[in-house]
Amino acid sequence: MKLDHLNDRQRQAVTTTEGPLLVLAGAGSGKTRVLTHRIAYLIKDKGVPPYQILALTFTNKAAKEMRDRVNSLIEGDAGSSVWVFTFHGFCVRILQAEIDKLGYQKGFIIYDEQDQQSLIGHVIKDLNLNDKIYSKKMLSSVFSDAKNHSLKPERFLSETSQPDPVIQAYRLYQKRLKEANALDFDDLLLKTIDLFEAFPDVLEKYRDRFHYILVDEYQDTNLAQYHIVSMLAKKHRNLCVVGDDDQSIYAWRGADIRNILEFEKDFEGCTVIRLEQNYRSTSKILDAANEVIANNRGRKAKKLWTAKTGGEDIDVHESDDERDEAYYICSRIANGVRAGARYDNYAILYRTHAQSRILEMMLKSFMIPYRVYGGTSFFSRAEVKDILAYLRLFLNPADDEAFLRVVNLPPRGVGGSSILALMAHAREKELPLMSAAGDPGEMPARIAAKFFPFLDMMAPLYAKLGTMPLSEFTEELLRTIGYDAYLRSDKKENYETRAEIVEELIGYIKEFEASYSDSDGDVLQAFLTNVALFSQADAVQEDNGCVNLMTLHSAKGLEFPVVFLCGMEDGLFPASQSRFDPEKLEEERRLCYVGVTRAKEKLYLSYVRERMLYGQRSSMMPSQFLQEMGNALPVNRSQPKQVFREPPQPKKVQESFHSYTPPKPTSQFTYQPVKAEPAKVQKRDFDGNVGEFVRHKVFGRGQILSISGQGSAKIVEIRFDNGVVKKLAAAFAPLEKES
DNA sequence: ATTTGGGTTGTTTTT
DNA sequence: CAACCCAAAT
């Protein structure tokens, strides 16, 4: 194994194979390289059988990349038998083999956030809780907190003295999950721990097996993950964790920075190696990053340096508003491309998804191909959810959330009251909804009959399941339920887009089953798990010929020659909720650090004076982080604001899911770069004037007091004859001039 | 039963 | 200015 292209520290990190090892790897210091070489070194030079190695990552993409790179380092496909998984994927794998020991069935399904919310909604109803105090949101975050922070959520809840209703709700929630044979995301970790604790022989089995364990992004592990790792590593103690406390950006979802800060205490006699040479960015960029992060307290001492001295100045730009900002960014990109750059050299990073919209519009009018990661992704489209809900019901008829979603979709005359009756009946009999519908007992016949069409339709499909490839089965399913006709009849949204999404999903299933070789598993379950664990970052693909748009969070681990960090304003970034909470502020600052260090050659920082927030214009101040980077920014940065000609009117965004890529290595979904759409004629422009009288379909006659905004954002303020003053969107309100 | 509309929320970030 | 939730209309 040749290691001479590694620097001394990297090589040390690769070859220190025995005992606990903490690698503090600064941004761009070659952490993935170390991990992959370490795995290859273990196999090739140390003769470790690949199946004794376990590597844990946070995203599927990271896992896939690691697998690929290991395989290219060693001949043959020995690398493929290394277990490289995300934490969640690893837990699923174990639970699929062992979960029956915990009283669940093997074909469990994973509830996503929406299912979770909706289930909590039912719990609130059933317990008659005041949903003003105990909202879905509040409860779900408490539950998640409890699960993430503690091995015994119940104990956590009482120790943090949660009010009784919360504890009751928690119990009922867990009970319902179990009845539905479902696990939420946090359960995946928690149940694995439960399993290991309750069945020492099972733990022993895995403990024996994994002689070498590697953990990527260790700074982002939560207590549950920490626990899993330490249980597994207890025997052989060959645990290598790699991370950077400065890049810990997931505390809000339970990541505990102490896991990395106290690793040395937790694993006695551990070796610590610091990787401080950055191979990614120019020193101009790195200086800025070092400046901001220096404002955080309680971090491990380290000083990143780079051999790439100098480089281009960082650009700081002020715009009037977000439209202007978008224009500025687009024109920079257009110039760059004209000068020979590729579109995929560029990334536009922002704090919140909401910021992407205006950027998208402007990119379209510049005819710049782009890709948005995250946001309303393909898998959260209603059509996809519909179909997946059906499929879930086939894997697991106890899935009540899925049942509720599809029982009346397309509409087949099953309404709220029937559902309510069924739910009561099901509760009484302690049956899942599906079974309860098939076993109506003393339910009024009139109501029971409502469910017959649905049941009759499903029954033959159950019989067909498994007799044909999943994709064909899905097509059969869609034909049977008449989904296409439903899409056509639903005039709300345009049929073409939605039909296209259905096609896309079928295509995705085909890809999946083609690459699914393990004949020993249930394809349907594997597929649903794959989808549930699919994440934003997984879709990222370099060299796609597109400008990349994403949140700062999903940018972690990536790098781009040119990075735009936009919306650098107090209240947005750092977010308003974080500004006065020192811990949260530090996390925002780390996020800023992550953002800055994504850039290899050129960094643009931009902020606006005025931005639309909560539906109204508010004036903004430059982010405090800009001040903090001050020394690394060019001195003459109060450049005169560029004056643009009238920026092109952004075209109406054509509804589109901005692409996604299947996680399988071979899959190659073609993505058509978004081409500019011809401007569509907007809704009619209401042309009343102040003082004139108008008639509203509902409110009656009124007088226009003021008009603001323009185009579809035009707002008219009207005092109606009954004295009520309302602000209405001119483009949408049913207004007519009073004659 | 289904649809519509108004009123009410509230926004980080995601495995 | 959304998305979401509930109430009222048909």
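In what follows, chains carry the letters A, B, and so on, assigned in the order in which the sequence lines appear, proteins first and then strands, with residues in each chain numbered from 1.
Distance R381(A) CZ to dA3(C) C1': 15 Å, rounded to the nearest Å. Between H88(A) atom NE2 and dT14(B) atom C1' there is a gap of 9 Å when expressed in whole angstrom units. Atom CD of Q114(A) and atom C1' of dC5(C) are 15 Å apart (whole Å). Here the C1' atom of nucleotide dT15(B) and the CZ atom of F58(A) are 8 Å apart, to the nearest Å. Between R357(A) atom CZ and dT11(B) atom C1' there is a gap of 14 Å when expressed in whole angstrom units. As a whole-Å value, the separation of H122(A) NE2 from dC5(C) P is 11 Å. Here the C1' atom of nucleotide dC6(C) and the NZ atom of K132(A) are 10 Å apart, to the nearest Å. Atom-to-atom, CG of D216(A) to C1' of dT15(B) comes out at 14 Å; the value is rounded to the nearest Å.
Among the protein residues, N408(A) comes within range of the sugar-phosphate backbone only, with heavy atoms under 4.0 Å from sugar or phosphate atoms but none that close to a base. Residue contacts shown for Q616(A) are absent, as no nucleic acid heavy atom lies under 4.0 Å away. Across all strands, E587(A) comes closer than 4.0 Å to no nucleic acid atom at all (heavy-atom distances).
Both stacking criteria are satisfied for W252(A) over the base of dT13(B): a centre-to-centre distance under 5.5 angstrom and an angle between ring planes under 30 degrees. Residue side chain Y250(A) fails the stacking definition with respect to dT13(B), as its ring centre and the base's six-membered ring centre are not both under 5.5 angstrom apart and under 30 degrees in plane angle.
Across dT11(B) and dC6(C), the matching P atoms stand 16 Å from one another, rounded to whole Å.
Under 4.0 Å is where a charged nitrogen must lie from a carboxylate oxygen, and between E401(A) and R392(A) no such pair does. Taking the charged nitrogens against the carboxylate oxygens, R299(A) and D245(A) have no contact shorter than 4.0 Å, which rules out a salt bridge.
The shortest side-chain heavy-atom distance between P574(A) and R589(A) does not fall under the 4.5 Å cut-off.
Taking T551(A) as the reference, Y350(A), H353(A), H553(A), S554(A) meet the side-chain contact (heavy atoms from CB on, under 4.5 Å) condition, with sequence neighbours excluded. Taking R598(A) as the reference, nothing meets the salt bridge (Lys or Arg N to Asp or Glu O under 4.0 Å) condition, with sequence neighbours excluded.
Note on S576(A): every side-chain N or O is 4.0 Å or more away from OP1 and OP2 of dT11(B).
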